[in-house]
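All remarks here apply to the structure that follows.
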2 protein chains.
Amino acid sequence: MNLKHSRQRDSILEFLATRKDHPTADTVYMNVRQSFPNISLGTVYRNLTLLADIGEISRIRLGDGVDHFDYDTSPHYHFICSECGGVFDLNMEVTDTLTKAAQENFEGKIEGHVTYFYGRCNNCNPKH
Amino acid sequence: MNLKHSRQRDSILEFLATRKDHPTADTVYMNVRQSFPNISLGTVYRNLTLLADIGEISRIRLGDGVDHFDYDTSPHYHFICSECGGVFDLNMEVTDTLTKAAQENFEGKIEGHVTYFYGRCNNCNPKH
DNA sequence: TTTAAAACAGTAACTGTTACTGTTATTAGT
DNA sequence: ACTAATAACAGTAACAGTTACTGTTTTAAA
C-alpha cells in the first residue's frame with residue numbers, strides 16, 4: 001500500500017480521536033467541514049474505509065443500518081440504545097470462549113464473532 | 001392487528017419453510033415469482049416485515065448489508081462465511097450469561113444482545 | 001523543479017428498503 | 001349470495017447510505 005499524506009485524512013482521524021461516541025460518516029463529515037469547508041462526503045467515506053482497512057480505526061455495524069467508526073481499535077463490546085440510537089462502550093471483558101464453543105460442532109473455520117447489546121441507555125430508561 | 005388472508009403471504013411463508021439457508025428478500029422474490037409471476041418486490045418486503053413483526057419468522061442482520069429471513073424463530077446462533085456469504089445455523093447452546101455480564105457495570109437497561117460468527121465455511125475453507 | 005500518482009471535490013450511480021397510488025381481493029354484515 | 005369496508009395488491013417512485021466515476025489539485029520521490 002503506497003499511501004500519500006493528506007490533510008483531510010489527518011483531520012478525519014484527529015476528529016475521531018476526540019470522540020468516544022462512535023460517530024457515523026455523516027457526523028464526521030459535518031464536523032470535519034469546520035476545518036475543511038469544501039471536503040466532500042465521498043472523501044470522508046473513502047478515508048474512513050481506508051483507515052479501517054489499515055486498522056487505524058474500526059468500523060462498527062450495530063444493525064441500525066448505518067456504519068459507526070471508532071478510534072479505539074482494542075477489542076471491546078458496544079451497546080446501542082433502541083430509543084435514542086446512542087452507542088456506548090461496555091466495561092466488560094472480551095473472551096474467546098464463545099468462538100471456541102461455536103467451533104465445537106462446526107466444520108469450517110470460525111474466525112471470530114460480532115456481539116453487541118441493545119436496550120435503553122441511562123438517559124432513555126424511565127426512572128422510578 | 002386486523003389481518004386479512006393473502007395467497008401471496010402464504011406463498012412467502014411456505015417458501016421460507018422449505019429453506020434452511022436464511023434467504024434474503026430478493027431470493028424470496030425470485031422464488032415466489034414462480035407461483036406468482038406478477039408479485040411485486042414491495043409485496044415481498046411488506047410481508048416479510050409483517051411476518052417478522054408478528055413473530056412468525058425472524059429477521060437476521062449479519063453485517064453484510066442485507067436482511068436475511070429465517071422460518072425458525074427459536075433462539076440460535078448464526079455463522080456467515082466471509083468468502084461466499086453463506087449463512088448457517090450453529091449447533092450451540094444460547095445463554096444469557098453475556099447479557100448479565102454486560103449489565104454489571106452499565107447503567108441503563110440491557111434488553112438483549114446480537115451475536116453472530118464469521119469465518120470460512122466448510123466449502124470455502126482450504127483443505128489440507 | 002519536474003513528474004507520476006495519490007487524493008481531492010463534485011457528482012452520478014448503485015443497492016437495499018420503504019412509501020405512495022390507484023386497483024383488486026378478502027371478509028364481515030346483511 | 002351481495003354489498004361495503006378495508007387489507008393487500010402491483011407497479012413505481014422515493015429514500016438513505018454508500019460507492020464509483022471524472023477531471024483537477026496536492027503530495028512526495030527523483
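Throughout, a chain's letter reflects where its sequence line sits, starting with A, and its residues are numbered from 1. Note that the structure is predicted; figures quoted are calculated from it, not measured.
Screening A/Asn47, A/Leu50, A/Ile57, A/Asn31 for a side chain to side chain contact (heavy atoms under 4.5 Å, CB included) with A/Ile12, the sole residue that qualifies is A/Asn47.
Atom CG of B/Asn123 sits in a sparse spot, with 12 or fewer heavy atoms from other residues, nucleotides or ligands closer than 6.0 Å. Remark: B/Phe36 CZ is packed, more than 12 non-hydrogen atoms of other residues, nucleotides or ligands lying under 6.0 Å away.
In this structure A/His5 satisfies the side chain to side chain donor-acceptor pair (under 3.5 Å) test together with A/Asp10, sequence neighbours excluded. Under the side-chain contact (heavy atoms from CB on, under 4.5 Å) criterion, B/Tyr29 pairs with B/Asp26, B/Arg33, B/Ile39, B/Leu41, B/Val44, sequence neighbours left out. Scanning for salt bridge (charged side-chain N to carboxylate O under 4.0 Å, His left out) contacts around B/Asp64 gives an empty result, with sequence neighbours left out.
Residue B/Tyr45 has no polar side-chain atom (N or O) positioned under 4.0 Å from OP1 or OP2 of C/dT18. Here A/Asn2 does not reach the OP1 or OP2 of D/dA28: none of its side-chain N or O atoms lies under 4.0 Å away. B/Ser6 has a side-chain polar atom (N or O) that falls below the 4.0 Å cut-off from OP1 or OP2 of D/dC9.
Nearest-nucleotide assignment on DNA chain C puts the 5′-proximal partner with B/Ala25, out of B/Arg7 and B/Ala25. Both B/Phe69 and B/Lys4 lie close to DNA chain C; mapped to their nearest nucleotides by heavy-atom distance, the more 5′-ward contact belongs to B/Phe69.
In this entry the distance linking CG of B/Leu50 with P of C/dT18 reads 13 Å, nearest Å. Rounding to whole angstrom units, CG of residue B/Asp64 and C1' of C/dT17 are separated by 14 Å. Whole-Å rounding puts the B/Asn47 CG to C/dT26 C1' distance at 14 Å. Rounded to whole Å, atom P of D/dT26 lies 19 Å from atom CG of A/Leu3. The distance from atom NE2 of A/His5 to atom P of C/dC8 is 10 Å, rounded to the nearest whole Å. Between the CG atom of A/Asp10 and the C1' atom of C/dA6 there is a distance of 14 Å, given to the nearest Å. Between the CE atom of B/Met30 and the P atom of C/dG16 there is a distance of 11 Å, given to the nearest Å.
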A/Arg61 and A/Val66: CA distance, side-chain angles, deciding distance, side chain to side chain contact (heavy atoms under 4.5 Å, CB included) verdict: CA-CA 7 Å; A/Arg61 299 210 150 116; A/Val66 210; over 6 Å; no
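Within the structure, ring pair (Phe, Tyr, Trp, His ring centres under 6.0 Å) contacts touching residues 91-115 of chain A (residues at least two apart or in different chains) are A/Phe106-B/Phe79, A/His113-B/Phe117.
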Check the interface with nucleotides 10-14 of chain D: list each N/O to N/O pair with the protein under 3.5 Å, or write none.
unit_1: D/dA10; atom_1: OP2; unit_2: B/Ser40; atom_2: N; d: 3.2
unit_1: D/dA10; atom_1: OP2; unit_2: B/Thr43; atom_2: OG1; d: 2.3
unit_1: D/dG11; atom_1: OP2; unit_2: B/Asn38; atom_2: O; d: 3.0
unit_1: D/dG11; atom_1: N7; unit_2: B/Ser40; atom_2: OG; d: 3.1

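With hydrogens and angles left out, the side-chain atoms of B/Thr49 and B/Arg46 include no donor and acceptor closer than 3.5 Å.
The overall bend of the helix from C/dT1-D/dA30 to C/dT30-D/dA1, read as the angle between its terminal helix axes built from five base pairs each, is 30° when rounded to 10 degrees.
B/Asp26 comes within 4.0 angstrom of nothing in the nucleic acid, heavy atoms only.
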